[in-house]
Asker: 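Quick one: the structure is below, questions incoming.
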Amino acid sequence: MSDSLVQGPIAQLPTRHGLFNIVIFRDENALDHALIFKGKIDDGEAVLTRIHSECLTGDAFGSLRCDCGPQLDLALDEINKKGRGALLYMRQEGRGIGLFNKIRAYELQDNGLDTVDANIKLGFPSDGRKYNLCALMLQKMGVKKVILMTNNPLKIDEISSYGIEVVDRVPLEIGRNKYNEDYLNTKEKRMGHMLHHQD
């Protein structure tokens, strides 16, 4: 795994979820990724960790088409409650296709395609995210073992393949509404997400 990240300074980040620290990593494409953490995470013990891909519509605008915004809030709440943990905020909008193409995919979904077929129709994989940078960010912060907050088995396999030991998984399920039900069904049935605790 090539060292293609530039690590920036660490600063405090007071939020509505609690007080955290934030460090920015810049990749070779000049994209800035954030690692938000609380407590001592380089002590060799497994760290409660969330890998969260950027979702402007869900995280900032509160879209109900996905579960991203509530997942982000819940993950930060859980890290704050535990007093120790890390959240990686990765610039991988729309499962790696970018905001412009994500809205193109939304338009196709409005006309009957599911989220997987919409991406494929646009010429993209169903999930084009990469996790090597996530592993590198964690390693640079001294994290070797994680308890991963995820419903996505691909994240577990990918992060493990880059040398981060996943010792346990914590579900991060929000629940269904009339806008995200088809989206969540597709994630479960076609992408293998573990959504067994949904209401």
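Start at 1 with the first residue, then count along the sequence.
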Asker: To the nearest 0.5 Å, what is the distance between CG on L5 and CD on E28?
Answerer: 8.5 Å

Asker: To check you understand the geometry: which heavy-atom pair defines the closest contact between A135 and I159, and what is its length?
Answerer: N-CD1, 3.6 Å

Asker: Using a side-chain heavy atom cutoff under 4.5 Å and only I, L, V, M, F, W and Y, what cluster partners does L99 have?
Answerer: L56, F61, I103, Y106

Asker: Report the residues that fulfil side-chain contact (heavy atoms from CB on, under 4.5 Å) with D32, sequence neighbours left out, ordered by chain and then residue number.
Answerer: I24, R26

Asker: Consider only side-chain heavy atoms of I, L, V, M, F, W and Y, link residues closer than 4.5 Å, and tell whether F37 and L136 are in one cluster.
Answerer: yes

Asker: Has the side chain of R50 got a donor or acceptor atom that lies under 3.5 Å from a matching backbone atom of L72?
Answerer: no

Asker: Test side chain to side chain contact (heavy atoms under 4.5 Å, CB included) on T150 and I51; report intermediate values, then the result.
Answerer: CA-CA 8 Å; T150 187; I51 297 171; over 6 Å; no

Asker: Is there a path of hydrophobic side-chain contacts, each under 4.5 Å between heavy atoms of I, L, V, M, F, W or Y residues, that connects Y131 with I97?
Answerer: no

Asker: K155 and R129: which non-hydrogen atoms are nearest, and at how many Å?
Answerer: CE-NH1, 4.1 Å

Asker: Quick one: does any side-chain atom of N29 pair with a main-chain N or O of L31 as donor and acceptor, under 3.5 Å?
Answerer: no

Asker: Tell me, with the steps shown, if E78 and K81 meet salt bridge (Lys or Arg N to Asp or Glu O under 4.0 Å).
Answerer: CA-CA 5 Å; E78 290 299 311; K81 187 188 308 181; 3.2 Å; yes

Asker: Assess whether side chain to side chain contact (heavy atoms under 4.5 Å, CB included) is satisfied between I79 and R84, documenting all intermediate values.
Answerer: CA-CA 6 Å; I79 290 169; R84 179 175 176 272; over 6 Å; no

Asker: When you measure from the side chain of K140 to the backbone N and O of Q7, does any donor-acceptor pair fall under 3.5 Å?
Answerer: no

Asker: Would you name the heavy atoms of A105 and L122 that are closest together and state the gap between them?
Answerer: N-CD1, 3.6 Å

Asker: Quick one: does any side-chain atom of D42 pair with a main-chain N or O of M141 as donor and acceptor, under 3.5 Å?
Answerer: no

Asker: Hey, are D168 and K145 close enough for a salt bridge, meaning a charged N less than 4.0 Å from a carboxylate O?
Answerer: no

Asker: Would V143 end up clustered with V166 when hydrophobic side chains under 4.5 Å apart are linked, directly or stepwise?
Answerer: yes

Asker: So that I know where these two stand, are H52 and Y89 an aromatic pair - ring centroids less than 6.0 Å apart?
Answerer: yes

Asker: For residues A34 and I22, report the shortest heavy-atom separation together with the two atoms involved.
Answerer: CB-CD1, 4.1 Å

Asker: Hey, any chance I41 and L133 share a hydrophobic cluster, counting ILVMFWY side chains that come within less than 4.5 Å of each other, even indirectly?
Answerer: yes

Asker: Which heavy-atom pair separates E93 from C55 by the least distance, and what is that distance?
Answerer: OE2-CA, 3.4 Å

Asker: Is V116 linked to L154 within one hydrophobic cluster, defined over Ile, Leu, Val, Met, Phe, Trp and Tyr using a side-chain heavy-atom separation of less than 4.5 Å?
Answerer: no

Asker: Can you check whether Y162's main-chain N or O pairs, donor with acceptor, with Q139's side chain at less than 3.5 Å?
Answerer: yes

Asker: Out of curiosity, N101 CG to L108 CG, how far, rounded to the nearest 0.5 Å?
Answerer: 10.0 Å

Asker: Is there a side-chain contact between I156 and L148 in this structure, where contact means two heavy atoms from C-beta onward sitting under 4.5 Å apart?
Answerer: yes

Asker: Treating S160 as the side-chain partner and E158 as the backbone partner, does any N or O pair qualify as donor plus acceptor under 3.5 Å?
Answerer: no

Asker: Looking at L113, is its backbone amide N or carbonyl O close enough to the side chain of D117 to form a donor-acceptor pair, meaning the two atoms are under 3.5 Å apart?
Answerer: no

Asker: Return the CG to CG distance between D127 and N152, rounded to the nearest 0.5 Å.
Answerer: 6.5 Å

Asker: Of the non-hydrogen atoms in V47 and A86, which two are nearest, and what is the gap between them?
Answerer: CG1-N, 3.9 Å

Asker: Atom CG of N151 and atom CZ of R169: how far apart are they, to the nearest 0.5 Å?
Answerer: 6.0 Å

Asker: Quick one: CG on L35 to SG on C134, what's the gap to the nearest 0.5 Å?
Answerer: 9.5 Å

Asker: Has N80 got a side-chain atom pairing as donor or acceptor with L76's backbone, closer than 3.5 angstrom?
Answerer: no

Asker: Ignoring hydrogens and angles, state whether a donor on the side chain of T115 or R95 is under 3.5 Å from an acceptor on the partner side chain.
Answerer: yes

Asker: Tell me every residue that passes side-chain contact (heavy atoms from CB on, under 4.5 Å) with K82, counting only those two or more places apart in sequence or in another chain.
Answerer: L48

Asker: Ignoring hydrogens and geometry, is there a side-chain-to-backbone donor-acceptor pair from H33 to R91 under 3.5 Å?
Answerer: yes

Asker: Is there a donor-acceptor pair under 3.5 Å between the side chain of Q12 and the backbone N or O of L19?
Answerer: no

Asker: Walk me through it: do D77 and R16 pass the test salt bridge (Lys or Arg N to Asp or Glu O under 4.0 Å)?
Answerer: CA-CA 9 Å; D77 285 340; R16 67 179 181 270; over 6 Å; no

Asker: Once you round to the nearest 0.5 Å, how far does CG of L172 lie from CG of L74?
Answerer: 5.0 Å

